[in-house]
Amino acid sequence: MTPSGNTCLTCRVKHCSILKPCTVETLSAISRFKTSYAFKKGEAIICEGTVSEGVYFIKKGVVKIEKNAPHGRSFIINVCGQGNIIGHRSVHGNSVQKNTAIALCDVTCCFIPINYFNDILKNAPDLEKQITEDYLCHLDQLEKKSISLAFKTVKEKVAEVMLVLADIYNYEPKKQSFSIDLSRQDLADLTGATKEQVSSVLKEFERNSVIRYSGKNFYSLDTTTLQSIAGA
């Protein structure tokens, strides 16, 4: 983990984060107490079971959020990209982190110590509102994920995950290329399937021209067809 520094008011990332509607006063307060950190691929940003030290805003890169599961296997709850906030669900008192966040590639985050973040929240109803909305959005996502895991086919779940990844990696049809930082096992963990099942579905998608890929490189996605398959 390597520290660096910058300011928040002119940061372009705030436009795709919960900070977008926040006032100049709130952004100035955050800028005053934040530090920028760089994490290498595979490095843990937060660890489940440790005392919360603060919150992180992802400025660059992609992070997977995991939950420890029985038999030593981790369950991937979510994948977060630029603009997302992590660690904020354990900011009250001496709460422990509920999940583990691991950098899937080189990641840059802005970190705010928990005591300063709580002080800012007391005087920033705009930020508090955004945090509340993020909580509600997270609960909604968990509910949808539970339904998906319980009732959708592997094919539907893989299509759903591909749409999520396309959004995280800012896929644009004109560019027709993006590279994910997730392994086939990660995709399997996200869908509740096996690596073999995920690989089989991806090959089927390619045969039917729904996607074009090689390894972790995806050259094109038919997002309309993927939405139809996923039931989105």
Next item on the list: Determine yes or no for a side-chain-to-main-chain donor-acceptor pair under 3.5 angstrom, with Y169 supplying the side chain and D181 the backbone.
Entry: yes
Check: Does L221 offer a backbone N or O that forms a donor-acceptor pair with the side chain of Y171 under 3.5 Å?
Finding: yes
Note to self: With side-chain contact (heavy atoms from CB on, under 4.5 Å) as the test, pick out the partner of L19 among I85, D126, L127, V13.
What the structure shows: L127
Notebook entry, point to check: Is there a donor-acceptor pair under 3.5 Å between the side chain of K59 and the backbone N or O of C110?
Noted result: no
Margin query: Main chain of G81, side chain of N84: is a donor-acceptor contact present, judged purely on distance under 3.5 Å?
Written below: yes
Next item on the list: Apply side chain to side chain donor-acceptor pair (under 3.5 Å) to T23 and T26, showing your working.
Entry: CA-CA 5 Å; T23 64; T26 298; 3.2 Å; yes
Margin query: I'd like to know whether NZ of K216 has more than 12 heavy-atom contacts from other residues, nucleotides or ligands below 6.0 angstrom.
Written below: yes
Checklist line | Lys/Arg N to Asp/Glu carboxylate O, K122 vs D119, below 4.0 Å | finding: yes
Checklist line | From CG (L182) to CG (L187), nearest 0.5 Å | finding: 5.5 Å
Notebook entry, point to check: Backbone N or O of E196 within a donor-acceptor pair of the S200 side chain at under 3.5 Å?
Noted result: no
Check: With E128, which of I120, N123, L121 fulfils side-chain contact (heavy atoms from CB on, under 4.5 Å)?
Finding: L121
Note to self: Between E66 and K64, does any NZ, NE, NH1 or NH2 come within less than 4.0 Å of an OD or OE carboxylate oxygen?
What the structure shows: yes
Next item on the list: Quick one: closest heavy-atom pair of Y56 and I45, and the distance?
Entry: OH-O, 3.7 Å
Checklist line | Closest heavy-atom pair and its distance - A188, V198 | finding: CA-CG2, 3.7 Å
Next item on the list: Drop me the distance from K60's NZ to Q82's CD, to the nearest 0.5 angstrom.
Entry: 9.5 Å
Margin query: With a 3.5 Å distance limit and no angle check, can you tell me whether R184 reaches the backbone of T194 through a side-chain donor-acceptor pair?
Written below: no
Notebook entry, point to check: For Q185 and D189, does a side-chain donor sit closer than 3.5 Å to a side-chain acceptor?
Noted result: yes
Check: Can you check side chain to side chain donor-acceptor pair (under 3.5 Å) on N217 and S214, steps first, answer last?
Finding: CA-CA 5 Å; N217 298 308; S214 177; 5.6 Å; no
Checklist line | Check: N208 side chain, E204 main-chain N or O, donor-acceptor pair, under 3.5 Å | finding: yes
Next item on the list: Using a strict cut-off of less than 4.0 Å between a Lys/Arg side-chain nitrogen and an Asp/Glu carboxylate oxygen, indicate whether K98 and E48 qualify as a salt bridge.
Entry: no
Next item on the list: Could you tell me whether E206 and R212 make a salt bridge, using a distance below 4.0 angstrom between a side-chain N and a carboxylate O?
Entry: no
Note to self: I'd like to know whether OH of Y116 has more than 12 heavy-atom contacts from other residues, nucleotides or ligands below 6.0 angstrom.
What the structure shows: no
